[in-house]
Peer 1: 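This is the structure I have questions about; it appears just below.
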Amino acid sequence: MLVIALDNVAYSYGGGELLAGVTLELAPGSFHFLTGPSGAGKTTLLKMCFGELVPTSGRVELFGQRLPGMTRDALAGARRRIGLVPQDARFLDHLTVAENISLPLTVAGQDMRAQKANLDELLAWVGLTHRAKATPPELSGGERQRAALARAVILSPDVILADEPTGNVDWEMSQRLLRLLVELNRMGKSVLVASHDLALIRAAKTQTQVRVLRISNRRLQFAGADL
Amino acid sequence: MLVIALDNVAYSYGGGELLAGVTLELAPGSFHFLTGPSGAGKTTLLKMCFGELVPTSGRVELFGQRLPGMTRDALAGARRRIGLVPQDARFLDHLTVAENISLPLTVAGQDMRAQKANLDELLAWVGLTHRAKATPPELSGGERQRAALARAVILSPDVILADEPTGNVDWEMSQRLLRLLVELNRMGKSVLVASHDLALIRAAKTQTQVRVLRISNRRLQFAGADL
Amino acid sequence: MKAFLRDLRILWRGDASGDRVVPPSGYTVRLTIFSAAAMGFLAVMALALALSAGRLADDWGGALARSATLRIDGPLDTMQERTEAALRVLEQTPGVASAQALTEEEQRALLEPWFGPDLQLESLPIPQLIEIEKTPEGFDAEGLRLRLEGEVPGAMLDDHESWRKPFLAAARALRWLGWGAMVLIGATMAAIVTLAASVSLAANAQVISVLRLIGARDDYIARAFIRRFTFRTLTGAAVGTGLGLIASALLPDAPMSFLTGIGFANLDWLVPFAIPPLAALVAFAATRRAAFRTLRGLS
Amino acid sequence: MKAFLRDLRILWRGDASGDRVVPPSGYTVRLTIFSAAAMGFLAVMALALALSAGRLADDWGGALARSATLRIDGPLDTMQERTEAALRVLEQTPGVASAQALTEEEQRALLEPWFGPDLQLESLPIPQLIEIEKTPEGFDAEGLRLRLEGEVPGAMLDDHESWRKPFLAAARALRWLGWGAMVLIGATMAAIVTLAASVSLAANAQVISVLRLIGARDDYIARAFIRRFTFRTLTGAAVGTGLGLIASALLPDAPMSFLTGIGFANLDWLVPFAIPPLAALVAFAATRRAAFRTLRGLS
Ligand SMILES: Nc1ncnc2c1ncn2[C@@H]1O[C@H](COP(=O)(O)OP(=O)(O)OP(=O)(O)O)[C@@H](O)[C@H]1O
Ligand SMILES: Nc1ncnc2c1ncn2[C@@H]1O[C@H](COP(=O)(O)OP(=O)(O)OP(=O)(O)O)[C@@H](O)[C@H]1O
Ligand SMILES: [Mg+2]
Ligand SMILES: [Mg+2]
């Protein structure tokens, strides 16, 4: 079964059409990159996959449920199975970084102590162990991105949607984050990463089977092997 | 005369020292890149150059004035001569993109109509002409960064401090933004860009004389030719 | 008992995790608590005014309205006879609960301010006064007047209407003022709490979007705000009411027949204790509405 | 004239560019305007209460306190003589402005409720009453009493103290209540405006940081907030005061000697017009403090 499916979707913010005839199927265990120039609509596409934006036409299905027919609670439930790393991640500034990262556990009503080992491992992976007790406003740009990635994956979601997760980190760190995503992908999770970092995409190709999508001229296309 | 000078500066956010013995002199017409791993203190260093953070020890001079001795108004005046592109740029969300970019003119009490041509040219350069009437929340990640850069340079400041200005834009656009900075640098402005994008730095080296600084082990060093 | 206390504590603390996710927003807390306290205080004052005025109006509208006076003039020797005739008439009049001729002592007490204590009533042609108490239904003053005119010469009925009316109007105006102020204060508090909740929700738009991002349900988010504002209002109103009660106990007392003193009498003291729970209820409803409206708006 | 109007308009509009940079923050606007209006309304009500109670207290504390009554008892034949003796004594007493024996008509009018209109006073041993008016300083009641005891047998001085006092106390309590409510309302408004301004400033932390980033001076930022809140409060308070005046004009009137009616009399109508400017002043000061404190805090 598909985890997320977009079928002949179009989107417009009110002016002209931004995206048209977009069809995208995320199967379990797939790994996609999404590229395209700034302003092409990458973030918009990801928001539709998250149920945050409803397409102007076409259909979106999350875990087999049609989006416009879902109740608010069903949507909240579906979102708990999707880990989103937003381009401009926001946190609860009055909680620590560790609390923010484990917030999805809190909201899902899971026992925090049982997940302690999980949290510690994740913090170590994204290199935030020494910042665990800081608050989000005290993080550097790259640290925020890493915290957002950690928060997105802590509930072990079925899909990971990441919007420029390496925009603010150096090359070594971006390789580290990539390895985390590849690891999760190998566990059967579906991954979709929007990025303009061609070097990162090339590196990913050496590690796992990756498909590269590109938005150009309002359409979604598979990028050739030249990437 | 130096526009910004840091002399044997140290900084600590309360825990251990983040930066120590940092000396940096920005002369008019200089072009510096600042690199270093995520969390090294690049943003912190830029904030000291902007007078937003006061060093724990050492001295900072903006346009020949010592920082801790400056009045709030003098600091505000100095800031009008510095164009800062923050890593996570914020805008006035109730104004349009064009109004936000020309906000420094408004606050400095300059006649808007006289600067209209200037604004239009700048909008075209950063590729935001078609988004001029949008509000900042309607911008994509890359568009925000470009708007922030345009806002930083509209007052034609003596120094431009840019914190990861190309973190969210594709390769072509980052080349465009680099050319804008090089152009301004040729006009005699001092430029300091924090970035982890090595390809960008290499491209800059082909266009103008650039010095690359690296924070490593709490110290500021000149990077070797290997970059 | 222990279980009861534990349940109460859970109700009070609610869902601890839900409470933690909403930041302790400093200014709106103070805003809410302070305005609830101020409104609670003013409500006690208005209530004191309304209840005192109500007592006043009751006195004048009630006790006085249920009594009347009959004066019998005439030469000394006919007085006894006329008084008895009048009492007989009154006995037969429907709506008269009792009628009693004033004794000499009583008449003398009435006249003392003018004549001094040594007045010898027997030797004087002063009229005889008869106190009438009405039944709740009252009697037909005009009919009685006509009948007395025919049967008892020199009888004059005074049912207190003329001088009671303006007193009654004044007391009723005061009571209106008091209750009107109460309503206004309640509305003000509801509005301020609504607005404070809205401000808090708007200020926490980021919190809400973060919570939605990680799949929190709307009522999980709303509950955290609602609980907080309800308890803040309860606290504030309780403090304000307490201060108001202290203040009204300190008010100078004027124990008089026609102005029973401003403040609470007897069981009236219990009425203000309804203010904090009522305020909390208002806050609960107001915050609920504000929360769900804001959440829908932010969608 | 034209220049004056233009200047006024500039003051009102202030620096247009400065106003534009602060977002039109919906909820705090409504919060400020609404609470200013509610407080304005309540202030008018409290003022009405305080001023009416003040008039009452003046009446009882003033007119009644400046008069006294002297009653002269005794056999009919000594009355004339004793009255004259009393008047002589009174003439010599410092603090007595005038003293006048009541005429027969006046005495009859006083007694009418008890004796009816046909009373023949001449034939009765009723006491003579003398109305005394005091000078503002008043007289020494004890000294006068002693002297009258010696010189005029049967003379009884009543300086209204005993029955005036509780009335006076009640009126003074009401007045206290009114002014106390006024002060409380003013404080509440100051607090609410301060808090609303603080909330607005806190909610606009991003605006402030953006403005600082581009080199705006603190007073440029502060002015935009101050101007806005001052005018909002002025508007709200004006509306509330207007409604309050309408409401108090509609209050039922009770024109009585001892309860002059709740509401404004004569020039009192002008007093409430001070409420909106005062409220604006309070808002100006409160917002100024809040703005500069917040700006320093955000450094
Ligand atoms: N809420 C909105 N209202 C109107 N227009 C919007 C809105 N959000 C985005 N846009 C516009 O839609 C276009 C696509 O935006 P989107 O954020 O999807 O781009 P993107 O591909 O993610 O770009 P980037 O790489 O710069 O992040 C942009 O031109 C943007 O200005
Ligand atoms: N306000 C603060 N309080 C405490 N620690 C802070 C604060 N701001 C930053 N730090 C810490 O100081 C270190 C340096 O931060 P800085 O933002 O200067 O890094 P950076 O070099 O810009 O990193 P990046 O490339 O990720 O943006 C980080 O570890 C960060 O967590
Ligand atoms: Mg994007
Ligand atoms: Mg940084």
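Note that these values count all heavy atoms, side chains included, but never hydrogens, waters or copies made by symmetry.
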Peer 1: Is B:F91 in contact with chain D via its backbone, its side chain, both, or neither, using a 4.5 Å heavy-atom distance?
Peer 2: backbone
Peer 1: Please look at B:P157 and chain D and tell me whether the side chain, the backbone, both or neither of the residue comes under 4.5 angstrom of a heavy atom of that chain.
Peer 2: neither
Peer 1: Give me each pair satisfying salt bridge (charged side-chain N to carboxylate O under 4.0 Å, His left out) with a member in residues 154-165 of chain B, each pair once, sequence neighbours excluded.
Peer 2: B:R81-B:D158
Peer 1: Could you grab the distance from atom CG of B:L92 to atom CD1 of D:I208, nearest 0.5 Å is fine?
Peer 2: 11.0 Å
Peer 1: Suppose we screen for ring pair (Phe, Tyr, Trp, His ring centres under 6.0 Å). Which residues come up paired with B:F33, at least two apart in sequence or across chains?
Peer 2: B:F31
Peer 1: Just how far is it from atom NE2 of B:H32 to atom OG of B:S190, taken to the nearest 0.5 Å?
Peer 2: 7.5 Å
Peer 1: Go through B:L84, B:L103, B:N100, B:L75 and name the one with the most non-hydrogen pairs under 4.5 angstrom from chain D.
Peer 2: B:L103
